[in-house]
*Asks:* 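Sending over a structure as structure tokens; questions will come in a sec.
Numbering of ligands and ligand atoms starts at 1, following listing order.
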Amino acid sequence: MKAKLLTLVVLSLSLTVMTYAQVLRPDPEPPELKPTGKGWGVAVEKGAKSNGKPGGGGPGGGGGSSLPCGQYGIQYHGGPIMVGTPNAYYIWYGNWSDSQKSILEGLISNLGGSAYYNINTTYCDSNGNFVSNAIAYSSSNSTADNYSQGTSFGDAGVKAIVSDAITSGKLPKDSNGVYMVLTSPEVKETSGFCKLYCGWHTHGTIGGSDIKYAFIGNPSQQCPNGCQMYSGATPNGDAGVDGMASVIAHEFEEATADPALNAWYDRRGYENADKCAWTFGSVSTDSNGAHYNVVLGSRKYLIQRNWVNASGGYCSMSY
Ligand SMILES: [Zn+2]
């Protein structure tokens, strides 16, 4: 009796489901997501779609007809891009050797002006500006932090590190800068380094100014398989730092094309570099067995491709 009743219930339930299944159609498009700066999207909150510049967006949040560049597989949502020559700032957090620093200084000093970074010039805003193929970096654009937040901290700790560097006068307060907190191998970022991301970028108010900043951790101890491409021979002889070079390029491209997380991203909430994450195109092998795909200055690097917002849109190492 009980079993029969159950059968009946199950039967009527499945009938109900079947009926609904015929009425409801799958959503033809997945829900629209916005970027977190960490490489994945989150649902757009109610009312958040209209946070673009007034008058800047047509239906669907696009840039309207005034946009001086196309939207190829990635859409403009009305927010600012970084224009002119942005300054890159490095904060060496924890224990860094000079040879490690020179690998990443060689990267950022030669990224601007490269055919690789020229990809970012395919991004524009509705005021007629384009991201420029230029980055300013000099040795005075870096400072060291001797574990002011210990060896384990979350996103607020990253912001505090940037804030300390600015308010102490070690780095200038620069709303046209991108401050990159670079941590040594033992340092943990508890919001998900090595579990959810290898690095991230965002912006926030520091000293009354809108400051763009990023976190990039050294994965060599915590997740060599997650955030490095290789653990053996790498282009500059330091697998962890060579891995960071790729993530720095990725975050800097996003920070200039989508500094406030409301300019350039696709329906999944993927920003330009997210669309090409962990793809490298044509890879060469050095005499020592290290893999690389670009030469910047006097050094070789293996860095991720970026999304070209032109000609239909595609991942590339150059434009
Ligand atoms: Zn990203």
Side-chain angles (χ1 to χ4, degrees), residues 30 32-44 71-77 79-82 86 88-90 104 107-108 111 116-117 119-123 131 135 154-155 158-159 162 177-183 189 191-204 211-219 223 226-229 242-281 293-294 301-309 313-317 319:
E32 196 168 336
L33 304 180
K34 64 175 183 173
T36 56
K38 289 178 174 172
W40 64 84
V42 291
V44 178
Q71 300 178 85
Y72 298 100
I74 188 165
Q75 290 80 40
Y76 180 59
H77 295 81
I81 59 172
M82 293 186 76
Y89 297 101
Y90 279 168
L104 299 182
L107 173 80
I108 203 71
L111 200 58
Y116 170 75
Y117 192 70
I119 292 170
N120 251 27
T121 67
T122 61
Y123 294 88
V131 177
I135 300 167
D155 294 358
V158 176
K159 187 178 183 184
V162 177
V178 180
Y179 297 77
M180 285 170 276
V181 175
L182 310 174
T183 55
E189 213 290 24
S191 75
F193 175 53
C194 275
K195 296 181 178 71
L196 300 173
Y197 58 76
C198 304
W200 50 260
H201 77 99
T202 190
H203 73 127
I211 298 296
K212 274 67 83 176
Y213 61 98
F215 163 85
I216 297 105
N218 186 322
C223 62
C227 294
Q228 291 171 199
M229 265 310 281
D242 272 316
M244 292 176 82
S246 182
V247 181
I248 288 172
H250 175 119
E251 299 303 335
F252 200 87
E253 288 153 2
E254 295 180 344
T256 49
D258 194 31
L261 313 179
N262 59 4
W264 285 96
Y265 56 90
D266 70 11
R267 289 189 59 85
R268 299 169 297 174
Y270 283 16
E271 298 172 298
N272 53 355
D274 293 329
K275 293 173 74 66
C276 308
W278 302 103
T279 72
F280 297 89
N293 63 352
V294 69
Y301 297 94
L302 183 67
I303 56 181
Q304 304 169 44
R305 295 190 297 177
N306 189 13
W307 184 258
V308 177
N309 181 39
Y314 57 97
C315 291
S316 182
M317 283 301 293
Y319 177 70

*Asks:* Evaluate the side-chain proximity of Asn262 to Pro80: yes if any heavy-atom separation is below 4.5 Å, no if none is.
*Replies:*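 Result yes, sub-4.5 Å side-chain heavy-atom pair found.
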*Asks:* Does His201 bring an N, O or S atom to under 2.8 Å of the Zn ion (ligand 1)?
*Replies:* no
*Asks:* Verify, without hydrogens or angle tests, whether Glu271 (side chain) and Tyr265 (backbone) share a donor-acceptor contact under 3.5 angstrom.
*Replies:* no
*Asks:* So, is Asp274 placed with an N/O/S atom under 2.8 Å from the Zn ion (ligand 1), counting both backbone and side chain?
*Replies:* yes
*Asks:* Between the Zn ion (ligand 1) and His250, which N, O or S atom of the residue is the nearest one?
*Replies:*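 Atom name of the closest N, O or S in His250: NE2.
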*Asks:* Distance-only, no hydrogens or angles: does the Asn293 side chain make a donor-acceptor pair with backbone N or O of Ile303 under 3.5 Å?
*Replies:*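 Indeed, once roles are kept as given, a pair shorter than 3.5 Å links the two residues.
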*Asks:* Are Tyr89 and Tyr179 an aromatic pair by the rule of ring centers under 6.0 Å?
*Replies:*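 Aromatic pair counts; centres sit under 6.0 Å.
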*Asks:* For the Zn ion (ligand 1), decide whether Glu254 has an N, O or S atom at a distance under 2.8 Å.
*Replies:* yes
